[in-house]
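First the structure, in the form of structure tokens, and then the observations on it.
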Amino acid sequence: MPNQDILVIGGGPAGLEAARSIGDLGYKAILIEKRDRLGGTPDEASYAALTPDLRSAEEAMNAMIQAVENNPNVDVRLGTTVVAAEGSVGDFKVTIQNGKGKETLNVGAVIIATGFQHFDPGRETQKYGYYEYEDVITLVDCEKMLKAHRFVRPSDGKKPERVCFIQCVGSRDRRIGNEYCSKVCCGIASKEAIEIRQLVPDCKVFIFYIDMRMYAYWEPDLYWKAQEEHKVNYVKGIATEIVKKGDKLLVKGEDTTLRRPFEIPMDIVILSVGMEPSQGTREMAKIFGLKQNKYQFIEAVGAPMDTVSTSVPGVFAAGACTGPADLEDSISAAGLAAMRAIKAVRENGTKKAS
Amino acid sequence: MPVDPKQIRAKDKVVVDGIELTSEWNRMFDQRPVFDYDVDVLDKIASIPGAESIAWCYQCAQCVPVCPVNEVGDYGPRKIYRRLQFGIDLLTDDELWKCTTCMNCLRVCPKDVNMIDIMPAVREEAVMEGHVPAELQEVFENTFEYGNPLGESPRKRADWVKDAGVPVPIMKEKKEADILWFVECYPSYHPRGKETSVALAKVLNALGVDFAILGVEEKCSCDSQRLAGERGLFEEFAEENIKTFSKYKFNRILVTDPHALNAFKTEYPKLGGEYDVVHYTTFLAPMMDRLELKNRLNYKVTFHDPCYLGRHHGEFDAPRQIINSLPGVELVEMWRCRQNSFCCGGGGGGMWLDGFMADHVKERLSENRVREAVETGAEVLVVCCPYEISRFEDAVKSTGNEGKLIVKDIIELVVEAMGV
């Protein structure tokens with residue numbers, strides 16, 4: 001009897017949705033997560049509210065986790081990693097490892113949902129002093145403060161009067177090697193700006209940008225809302241450098257529509273860091289022998305018409321392991337990957353049975 | 001520390017070592033870096049009821065190339081927004097008075113940044129704080145004192161009737177008419193305006209229209225004063241006019257002035273005055289075949305769409321229908337016509353700010369427009385707004401186009417064709 005079980009690697013939004021979909025359709029999913037809890041990056045990075053509707057990340061992720069944990073067809077393995085794989089569609093032998101030791105699973109198909117990691121602004125061409133100044137933080141650091149409902153200057157715990165975001169940190173940058181747009185940072189910066197204005201109404205918030213990239217409904221739901229209702233100020237031209245002046249950060253750049261340099265004191269500077277393939281994504285690509293693109297994301301070889309098939313038949317990829325993706329992208333791709341994986345194990349089974 | 005507003009603008013002329021540096025190139029001699037964004041000013045202005053949308057600008061800049069003032073200077077809602085973001089207070093900024101409310105920016109604005117609401121709202125605040133150009137203040141005072149911006153005696157408002165040569169009934173005597181013709185100030189007092197009023201009276205008589213005017217009871221509609229910041233004056237006059245209207249029986253109001261059309265259509269209903277209002281071109285266009293047009297005119301003409309008739313109220317066709325029905329008249333369009341018509345500079349208070357504007361623009365909007373009219377090869381610039389005839393006639397002179405172009409109201413051409 002051919003194996004119709006499907007292995008899902010990664011317990012974030014894409015992995016949870018893929019596992020749930022497989023279970024809902026009556027197939028067995030084994031969900032592997034290297035951390036000892038589900039929820040992926042939104043949980044690990046302590047996201048406060050999700051884009052675009054500002055729904056609590058915890059609440060949204062808990063609903064997804066519940067759906068998987070209550071699904072009798074989903075076998076969840078926490079604290080577990082994949083260390084080796086062989087075989088082909090319909091007959092993969094995947095070796096997993098956890099605290100108890102190694103185990104080899106026989107599965108018909110694999111869905112990789114190992115996601116992204118945030119760009120480290122201290123890396124390479126760093127010019128914003130992330131590891132130098134306490135008050136230079138990232139979108140992720142900001143999320144943590146927002147989640148704790150305490151948005152203060154990290155250096156002294158004081159209430160900030162002026163805060164700015166610098167967009168495209170680690171994205172759209174040939175020197176760093178990340179030529180792509182990370183797609184979500186404009187929306188997330190706008191979302192965090194709204195939350196800062198709600199939490200600290202006296203605080204002036206600026207977003208320094210090159211292009212605002214607000215696709216579809218994020219335009220009215222985040223960008224327009226931030227500007228029109230929450231008085232967030234958008235200035236075209238990102239800062240080049242940050243220097244410390246007294247207890248303030250002096251942000252230097254050019255206001256491009258006025259063609260004048262600016263040197264504005266800020267209490268907190270938030271770097272809108274983009275996405276890179278996670279360590280897990282890089283490792284899975286190697287273990288399964290998957291083609292990667294020049295940025296080391298797993299290549300969806302049939303894209304744009306097929307966004308989930310990889311270079312290896314029977315191995316599918318969903319979510320930000322294939323490139324910058326927002327939640328909607330990840331969840332949509334996960335459902336598609338589940339469907340394609342089921343089709344793969346069914347077809348394979350029919351062939352073998354006949 | 002916000003930027004000194006005086007430092008924002010490029011100097012008109014800077015000469016260094018005998019080389020003249022113009023426009024943006026001489027900005028380097030000013031204070032360049034921006035040391036702060038005092039966005040409190042933006043918040044203050046955007047909190048004025050009516051002015052909220054100024055804070056919605058996302059700098060697409062579509063407004064700038066269609067802004068007539070930008071054509072002769074440096075302007076546009078996008079730029080006003082930026083200045084506000086820099087902490088330059090619009091209430092005391094000269095920029096506040098440059099907009100003619102022509103609405104070409106709103107036509108193209110994807111964000112509904114509405115200068116037609118923003119300008120009167122912020123100007124009203126500025127007027128209350130006493131920041132108002134002197135020449136405009138004088139017009140406000142004239143209007144308040146005499147009931148018209150020209151400072152003419154209110155008792156002489158209907159004097160033009162004496163020269164009409166046809167009956168022009170007055171409501172006070174007639175009490176009731178199908179059409180109440182609201183003549184407005186310039187057509188009552190200005191020499192060229194009076195000529196157009198006489199012409200319209202002749203046409204109405206020829207058509208057998210049952211009409212009457214208010215005569216000395218009429219008061220300025222004050223729409224341009226409102227747009228220039230005098231809402232109080234506007235409301236006071238509107239209440240008086242509404243009271244006067246209520247004394248008489250009529251079916252429609254006929255207006256000569258598109259600015260009065262705007263007042264009656266958009267503002268009077270808010271004050272309880274709802275009327276069926278029609279501009280004289282809209283009124284006459286369907287009746288042109290009832291007029292006997294004996295004279296062939298043999299003119300090549302071009303037509304200027306008034307902002308408050310065209311863009312504001314969507315009437316582009318009626319004036320053209322009238323022109324095209326005149327024997328021998330050939331209409332050539334200017335390249336900026338209909339929706340994209342170029343403002344004459346008179347709207348939104350611009351009529352009374354020519355001296356002030358001279359410091360901010362390289363030429364008047366009317367001069368720019370007259371050059372365009374001349375370029376079409378037309379001999380006659382046809383207008384249908386009382387502001388335009390005087391503005392364009394001045395501009396024909398100041399641009400040295402006397403003898404090349406004459407300015408006529410559409411109704412004057414009709415009368416010429418009728419030969420009455």
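We name chains A, B, ... by the order of the sequence lines, and we start the count at 1 in each one.
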Going by heavy atoms in the side chains, are Val235(A) and Gln59(B) under 4.5 Å from each other? no
CD/Glu228(A) to SG/Cys57(B) distance, rounded to the nearest 0.5 angstrom? 10.5 Å
Members of residues 100-115 of chain B whose heavy atoms come closer than 4.5 Å to chain A: Pro110(B), Lys111(B)
Can you label the angle between the Phe206(A) ring and the Tyr37(B) ring as parallel, tilted or perpendicular, going by 30° and 60°? tilted
Taking atom NZ of Lys270(B) as the centre, does the number of heavy atoms from other residues, nucleotides or ligands within less than 6.0 Å exceed 12? yes
Got a second to check how far Leu250(A)'s CG is from Phe35(B)'s CZ, nearest 0.5 Å? 9.0 Å
Side chain to side chain contact (heavy atoms under 4.5 Å, CB included) for Thr257(A) and Lys79(B)? Distances and angles first, verdict last. CA-CA 9 Å; Thr257(A) 65; Lys79(B) 296 175 186 174; over 6 Å; no
Please check if atom NZ in Lys362(B) has more than 12 non-hydrogen atoms from other residues, nucleotides or ligands closer than 6.0 Å. no
Sort Glu219(A) into side chain, backbone, both or neither according to what part of it lies under 4.5 angstrom from a heavy atom of chain B. side chain
Roughly how far, to the nearest 0.5 Å, is the CD atom of Gln85(B) from the CG atom of Leu258(A)? 10.0 Å
Under the rule for side-chain contact (heavy atoms from CB on, under 4.5 Å), what residues qualify as partners of Tyr295(A), not counting sequence neighbours? Glu179(A), Tyr180(A), Asn293(A), Phe297(A)
Specify which of Asp40(B), Leu42(B), Val39(B) makes the most heavy-atom pairs with chain A at under 4.5 Å. Val39(B)
Are the side chains of Tyr58(B) and Met214(A) in touch, meaning some heavy atoms are under 4.5 Å apart? no
Would you say OH of Tyr215(A) has more than 12 non-hydrogen atoms from neighbouring residues, nucleotides or ligands within 6.0 angstrom? yes
Would you give the length of the straight line joining atom CD of Glu263(A) to atom CG of Asp36(B), rounded to the nearest 0.5 angstrom? 12.0 Å
